[in-house]
Each structure stands twice: as C-alpha cells, then as structure tokens.
Asker: 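Dropping a structure here in structure tokens format, bear with me for questions.
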Amino acid sequence: MELGLHIADFTWNGGAAELGPRLARHAKSAEDAGITRITVMDHFWQIRGVGPEEHEMLEAYTTLGFLAAHTTTVKLHTLVTGVVYREPGLLAKAVTTLDALSGGRAWLGIGAAWNDEESRGLGIPFPPVAERFERLEETLQICLQMFGGDESPFHGRHYQLERPLNSPRPLARPHPPILIGGSGEKKTFRLVAQYAQACNLFPGPELARKLGVLRGHCEAVGRDYDEIEKTVYFLYDVGEKGENAAQVVDQLGGLAEMGFQAAIGQVRNVWDVTPLEVIGSEVIPAVATL
C-alpha cells in the first residue's frame with residue numbers, strides 16, 4: 001500500500017510570511033519519509049471540519065506548482081477539483097502545465113463540487129447537482145481530448161470549444177491519470193468506471209459494499225475493475241510520540257484487505273515533522289508489502 005499526504009490546513013504562527021518556507025519544508029519532509037503523493041484541496045475558503053472559513057487557503061494549482069519546484073518524486077494533484085471552479089479548457093491546460101514542469105508527476109483529481117457557500121461568495125456559478133454531473137462528464141471528455149492532442153471542435157450541452165489546442169502535450173503517457181473523488185453509487189461510480197484511473201472514497205462501514213457497486217459499473221461498461229486504483233482518505237493519527245503507529249498499521253492493513261492500494265490523508269499536526277518521521281520509520285515499511 002502506498003501512502004499520500006493531503007495538506008488541508010495552512011494556518012499557523014507566522015502568518016502569510018511563513019507560508020512558502022514552511023510548506024516547502026513540509027513537502028520535503030514528506031518525500032524524505034517515503035510519501036508517494038502530495039495532494040491539496042481545491043477550495044478558495046477553508047472548509048468546515050478543518051477550520052473557520054476565514055482561515056488561510058491557497059489556490060490549488062499555484063500551490064501544486066510550488067510543490068513541484070520543491071519535490072522530485074511525489075505525484076501531485078488536487079483532492080479534488082470542483083468541476084465548476086474552472087472552465088474545462090483552462091483546467092486541462094493547468095494540469096498539462098503542472099505535468100510538464102514537474103517531469104510527468106501530475107494527476108487530474110476531480111469531482112462534482114459541493115461548496116455552494118464558497119461559490120456564491122466568490123461569484124462562481126453553482127448549478128444544481130444533476131447539471132454539475134453533466135458538466136463533470138463533459139469536462140472529463142474535454143480533458144482527455146486535449147491531453148491526447150485532438151484539436152477537433154467539442155460540442156457538448158454545456159461546453160463549446162472551437163479549437164481545444166493544448167501545446168505542449170503532457171509528459172505522462174497516455175495522459176495524466178484521472179482520479180474521481182466521491183462515493184455516489186449511480187453517477188460517480190459510473191464515471192469512474194468509464195473514464196478514471198483511480199477513485200477516492202471516505203472511510204466508513206459501507207466501504208466494502210461500495211467497492212462491490214463500483215465493480216458492477218465496471219462490468220456494465222466492459223472495464224477491468226483491477227485497472228482502477230482504489231484510494232481512501234485517512235487520518236494518520238500516530239500519536240504525539242508515535243505510540244499509535246501499530247494501530248495505524250492495523251487500520252491500513254484492513255483497508256488493504258478490502259482492495260485499497262493507497263491511503264491519502266492528513267497528519268494530526270500538519271506542520272509537525274515528528275508524525276512524518278514516525279510514518280516514514282514505522283508505518284511505511286510495515287505497509288509496503290500489503
């Protein structure tokens with residue numbers, strides 16, 4: 001099982017002046033520990049469950065570009081981009097740019113979006129859920145077309161692109177992998193089966209059953225279920241001195257038995273190197289063979 005680090009909290013003593021230096025150090029510490037991917041949220045305000053809306057939040061693709069400059073091996077993507085936040089052509093261009101400048105390490109993480117308050121606050125259109133899923137499917141089609149170098153016009157219900165030129169092409173072949181986030185059994189899982197190389201689910205008692213539903217969608221569209229990387233959101237609560245490391249390993253082992261190949265999550269104190277040191281020395285070696 002591979003472990004990824006999700007960075008969701010950018011608030012600490014020192015304020016904006018410390019954002020760049022501390023983020024760079026944190027990313028390097030994660031990579032040195034053996035973390036294989038670093039993800040960030042694609043939000044413009046802080047979200048409930050992490051902190052007040054007024055807390056610091058960095059724009060996702062600018063942040064990923066910064067992280068690319070301060071790392072060498074980790075995969076980089078959002079967890080995940082809300083489909084309504086960027087026009088599809090711009091999104092494909094942003095991911096392509098990240099992929100080119102990072103040496104082929106970019107992924108496209110995407111979902112149907114949920115934060116209507118944030119969108120209203122910043123004047124971002126936030127259509128009903130059915131339309132957002134329609135836009136999500138068209139966005140996936142446009143990104144794949146642009147990643148592949150096809151400049152033919154795209155005429156969809158919601159998006160019209162006269163010439164989807166994308167130069168340079170991504171370095172990743174055949175294209176940057178696509179991860180779709182969400183647990184919706186009817187629409188999200190169908191899109192995963194049809195378009196994605198990976199999915200991301202939240203932990204819970206329904207996980208095993210949901211994977212079975214995804215398998216059914218794969219069978220319906222003729223997709224090999226085993227081709228899709230299953231990732232799960234996780235909290236690396238190893239304790240202040242690493243006393244919970246064995247428990248974390250057991251939890252990850254249970255997820256691996258279900259069929260998950262990667263966990264992506266936060267450490268309890270995102271700016272504390274100690275949890276990453278414990279993860280690198282005790283957790284990663286234990287889960288490497290799962």
Side-chain angles (χ1 to χ4, degrees), residues 2-8 20 23-24 26-28 30-32 34-44 58-111 113 135-152 154 159 161 163-182 191-192 194-200 227-231 261-262 264:
E2 295 185 7
L3 302 188
L5 176 67
H6 182 58
I7 303 176
L23 183 57
H26 191 56
K28 185 177 186 306
E31 192 170 60
D32 289 346
I35 292 293
T36 60
R37 79 178 78 196
I38 297 177
T39 66
V40 297
M41 291 192 296
D42 191 11
H43 286 288
F44 308 109
L58 301 179
E59 193 279 325
Y61 288 94
T62 310
T63 304
L64 289 171
F66 178 86
L67 291 170
H70 290 277
T71 57
T72 58
T73 62
V74 291
K75 294 169 278 195
L76 299 163
H77 61 88
T78 60
L79 195 68
V80 290
T81 284
V83 68
V84 296
Y85 290 160
R86 294 166 188 81
E87 292 294 297
L90 175 60
L91 177 61
K93 189 67 177 178
V95 174
T96 297
T97 300
L98 178 63
D99 194 64
L101 297 183
S102 68
R105 295 186 282 137
W107 284 41
L108 168 59
I110 195 166
R135 289 179 178 271
L136 176 56
E137 183 158 18
E138 289 189 18
T139 295
L140 290 165
Q141 294 168 351
I142 291 167
C143 286
L144 285 169
Q145 179 176 332
M146 291 180 65
F147 290 157
D150 181 356
E151 298 178 29
S152 59
F154 180 90
Y159 299 111
L161 283 72
R163 186 191 179 196
L165 171 65
N166 189 31
S167 179
R169 291 268 308 281
L171 296 179
R173 290 291 184 269
H175 56 76
I178 296 171
L179 178 148
I180 297 177
L191 295 176
V192 170
Q194 191 163 351
Y195 297 102
Q197 284 68 58
C199 62
N200 182 259
E227 287 181 355
I228 299 170
E229 182 181 50
K230 292 81 179 176
T231 76
Q261 293 109 338
I264 309 172

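Nothing here was measured: the structure is a model prediction, and the numbers come from that model. Hydrogens, waters and symmetry mates play no part in the numbers below; they use all other heavy atoms, side chains included.
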Asker: State the NE2-CZ distance between His175 and Arg173, to the nearest 0.5 angstrom.
Answerer: 11.0 Å
Asker: Check whether any side-chain heavy atom of Ile180 sits under 4.5 Å from a side-chain heavy atom of Leu140, and report yes or no.
Answerer: yes
Asker: Does Leu91 form a side-chain contact (heavy atoms from CB on, under 4.5 Å) with Leu108? I'd like the steps, not just the answer.
Answerer: CA-CA 9 Å; Leu91 177 61; Leu108 168 59; 4.0 Å; yes
Asker: Go through the structure and list residues passing ring pair (Phe, Tyr, Trp, His ring centres under 6.0 Å) with Tyr61, not counting sequence neighbours.
Answerer: none
Asker: Can you list every pair that meets side-chain hydrogen bond (donor to acceptor under 3.5 Å, both in side chains) and has a residue in residues 101-110, with sequence neighbours left out?
Answerer: Thr71-Arg105
Asker: So which pairs with a foot in residues 59-85 pass salt bridge (charged side-chain N to carboxylate O under 4.0 Å, His left out), sequence neighbours left out?
Answerer: Glu2-Lys75, Glu59-Arg86
Asker: In chain order, what residues pass the ring pair (Phe, Tyr, Trp, His ring centres under 6.0 Å) check against Phe147, with sequence neighbours excluded?
Answerer: none
Asker: Are Tyr159 and Gln141 close enough, and set up right, to give a side-chain hydrogen bond (donor to acceptor under 3.5 Å, both in side chains), and what steps lead you there?
Answerer: CA-CA 11 Å; Tyr159 299 111; Gln141 294 168 351; over 6 Å; no
Asker: Is the side chain of Glu229 donor-acceptor paired with the backbone N or O of Ala262 at a distance under 3.5 Å, no angle test?
Answerer: no
Asker: What closest approach, in Å, do Ala113 and Val83 show between heavy atoms, and which atom pair accounts for it?
Answerer: CB-N, 4.1 Å
Asker: Are Thr96 and Met146 packed together at the side-chain level, in the sense that at least one heavy-atom pair is separated by less than 4.5 angstrom?
Answerer: no
Asker: Just verifying a value: how many Å separate Ile110 CD1 and Ile178 CD1, rounded to the nearest 0.5 Å?
Answerer: 8.0 Å
Asker: If the condition is ring pair (Phe, Tyr, Trp, His ring centres under 6.0 Å), which residues does Phe66 pass it with, not counting sequence neighbours?
Answerer: His70
Asker: Test side-chain contact (heavy atoms from CB on, under 4.5 Å) on Val40 and Leu67; report intermediate values, then the result.
Answerer: CA-CA 10 Å; Val40 297; Leu67 291 170; 4.1 Å; yes
Asker: For Ala30 and Leu5, work out which heavy atoms get closest and say how close.
Answerer: CB-CD2, 3.7 Å
Asker: Identify the two heavy atoms, one from Gly89 and one from Ile142, that lie closest to each other, and give their separation to 0.1 Å.
Answerer: N-CG2, 4.5 Å
Asker: Keeping Asp150 on the side-chain end and Gln145 on the backbone end, is there a donor-acceptor pair under 3.5 Å?
Answerer: no
Asker: Sub-3.5 Å donor-acceptor pair from the side chain of Thr39 to the main-chain atoms of Thr78, do we have one?
Answerer: no
Asker: Could you report the tightest heavy-atom contact between Ile228 and Ala198, atom names first, then the distance?
Answerer: CG2-CA, 4.0 Å
Asker: Who passes side-chain hydrogen bond (donor to acceptor under 3.5 Å, both in side chains) against Gln261, sequence neighbours left out?
Answerer: none
Asker: Do Leu23 and Thr63 have side-chain heavy atoms sitting under 4.5 Å apart?
Answerer: yes
Asker: At what distance, to the nearest 0.5 angstrom, does CD of Glu31 lie from NZ of Lys28?
Answerer: 8.0 Å
Asker: Evaluate Leu79 against Asn200 for side-chain contact (heavy atoms from CB on, under 4.5 Å), listing each step before the verdict.
Answerer: CA-CA 8 Å; Leu79 195 68; Asn200 182 259; 3.8 Å; yes
Asker: Tell me the closest heavy-atom pair linking Asp42 and Ala60, and the distance in Å.
Answerer: OD1-CB, 3.5 Å
Asker: Quick check: does any side chain N or O of Lys93 sit under 3.5 Å from a backbone N or O of Ser167, one acting as donor and the other as acceptor?
Answerer: yes
Asker: Kindly compute the distance separating NE2 (His6) from CZ (Arg37), expressed to the nearest 0.5 Å.
Answerer: 12.5 Å
Asker: Specify the closest pair of heavy atoms between Pro176 and Pro170, including all atoms of both residues, with the distance to one decimal.
Answerer: CD-CB, 3.5 Å
